[in-house]
Q: 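I have a structure here, written as C-alpha cells, and I will follow up with some questions on it.
Below, all heavy atoms of this structure are taken into account, side chains as well, without hydrogens, waters or symmetry copies. Counting convention: from 1, in listed order, for ligands and their atoms alike.
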Amino acid sequence: MKYASTINISNFQKDLITWFEEEQRMLPWRENQDPYRVWVSEIMLQQTKVDTVIPYFNNFMEKFPTVTALAEAPEQDVLKAWEGLGYYSRARNLQTAVREVVEQYDAKVPDDPKQFGDLKGVGPYTQGAVLSIAFDKAEPAVDGNVMRVLSRVLLIEEDIAKPKTRKTFEAAVRELISQENPSAFNQGLMELGALVCTPTKPSCLLCPVQEHCIAYREGVEQTLPIKKKKVKQSFRSYFALVLEDEAGNILLEQRPSEGLLAQLWQFPMVDTKEVDEQHLAAYIQEKFQIEIVSTKDLEPVKHVFSHLTWHLDVKFIRIKGEPTISNNMVKLTRQAIEQYPLPVSHQNIYKQI
Ligand code: SF4
C-alpha cells in the first residue's frame, strides 16, 4: 500500500465519484453499459476529441448497432463510416475483433480480462476501460488524462513518455480504485482530466479532489506530468493527380493493405522526389498511355499526421484516350467517388472538383 499514507483513499474515492455522478457530460455512449457501445466509443476516442467522435459514434451505432452487425458488414462500409476519423487501423482491428467475438464467444463481449485483452486492437487502456465501465470490474484504465491527474494528485515524477511508466500508474489505480463502483471511479478520473485537471491551466480552485492533491499543495501542478520525449516530424511532398477522361470519369487508386491509411482510396499520387514538375506530364503520359489535353492547378492540400506532414500539389488533368490502369485502380464518375472511403486530405481534393 504505497499511497495509503499519502492520501485518504476512501475520501478521495467519495469526492471523485460524487463529483462525476453530478457533473459528468451526457455523452451518447454513457446512455447504458452495453459493452459493445463502450468498446466502440473507447476505440473512437483514442487520439480523437469527444466533440469529433459524437456524430461518428451515433452514425456508427445506427449502421452497426450490434457486434453481429459489425462483424457481418463489408470492410469498405466500415471504413466509409470511419472516414475522416483517421487512424483507420482502429476500424479494421475493431471489425477483426468483433468477428472473433461472434465466432468464439457467441457474439457476447467477454468480461474476462485475458479473453477481452487478447482481441485485436485491445490494448491495456481499452481493456481496463471496457471492463470497468461496462462490467464493473476493478481494473485500471490508464490513458494520458489519468496519468496527468494522478501524477499531480500523488506527485509522481516519472516520465510519462516512457512506456514502462504506465505500470506505475496502473499500480496506483489498483490501490486507489473503488471496489464498489470502479466504473464511476475510472470515468471520474478521465472526466476530471478532460474538464478540470487540464494540461496547461488546471482549474484547481474548482477541483473536487483539491484537498487530496499533493501537487496543488506544493504549488507544482503546472510542472506535472513530466514528459520528455519529442516526436520528430517528417515531411513528404506529392503531386495528387485528378485525371479525368473525355467521358468525365476520374481515376482513383487504393493504398496498400499495410501501413499508413491502408486500403483507403485516393487520387493517384506521385512523390516529388521521383518526378519533378518539369517531367510530370511526360511521366503521366507514359504511365497511363494517354494524351494530356489540359492541366489546371487546384488548391494545394496539407495534412498533418502524428509524425508526418503531407504536402499535396493538386493537378486537375483532362486526358484523351483509354488509360492503362493497374489492379489497384478504378475509373469512376464524380458521384461514384462518394461511395469510396477517402482520407481527409483527398476528401479536401474531392471537394474542389
Ligand atoms: S487540484 Fe489541480 S492539479 Fe490537483 S487534481 Fe485538482 S485540478 Fe489537478
Q: Look at Glu72 together with Arg99 and state whether they make a salt bridge at an N to O cut-off of under 4.0 Å.
A: no
Q: What atoms of ligand 1 come within less than 4.0 Å of a heavy atom belonging to Glu221?
A: 3 (S)
Q: Is the closest basic N to carboxylate O distance between Arg334 and Glu244 below 4.0 Å?
A: yes
Q: Report the C-alpha separation of Lys63 and Asp77 in whole Å, then their side-chain angles, then the decisive distance to 0.1 Å, and conclude whether the salt bridge (charged side-chain N to carboxylate O under 4.0 Å, His left out) test is met.
A: CA-CA 9 Å; Lys63 288 209 163 73; Asp77 292 0; over 6 Å; no
Q: Check each atom of ligand 1 against the heavy atoms of Cys207 and keep those under 4.0 Å away; list them by number with element.
A: 1 (S), 5 (S), 6 (Fe), 7 (S)
Q: List every atom of ligand 1 that sits less than 4.0 Å from any heavy atom of Arg152, numbering the atoms from 1 in the order shown and giving each element.
A: 3 (S)
Q: Pick from Asp313, Leu312, Val344: which one makes a side chain to side chain contact (heavy atoms under 4.5 Å, CB included) with Val301?
A: Leu312
Q: For ligand 1, does Val149 get within less than 4.0 Å through its side chain, its backbone, both, or neither, judged by non-hydrogen atoms?
A: neither
Q: Is His212 close enough that one of its N/O/S atoms sits under 2.8 Å from atom 4 (Fe) of ligand 1?
A: no
Q: Could you find the nearest protein heavy atom to atom 4 (Fe) of ligand 1 and give me its residue, atom name and distance?
A: Cys213 SG, 2.3 Å
Q: Which ligand 1 atoms does Val153 reach within 4.0 Å, using its non-hydrogen atoms?
A: 5 (S)
Q: Any idea how Tyr350 and Phe267 line up, ring-wise: parallel (<30°), tilted (30 to 60°), or perpendicular (>60°)?
A: parallel
Q: Below 4.0 angstrom from a heavy atom of Tyr216, which ligand 1 atoms are there? Numbered from 1 as shown, please.
A: 1 (S)
Q: Can you report which non-hydrogen protein atom sits closest to atom 2 (Fe) of ligand 1, along with the distance?
A: Cys204 SG, 2.3 Å
Q: Would you mind listing which atoms of ligand 1 come within a distance below 4.0 Å of any non-hydrogen atom of Cys197?
A: 3 (S), 5 (S), 7 (S), 8 (Fe)
Q: Would you please indicate if the ring centroids of His307 and Phe305 are separated by under 6.0 Å?
A: no
Q: Per the side-chain hydrogen bond (donor to acceptor under 3.5 Å, both in side chains) rule, which among Gln254, Glu253, Gln347 passes with Gln266?
A: Glu253
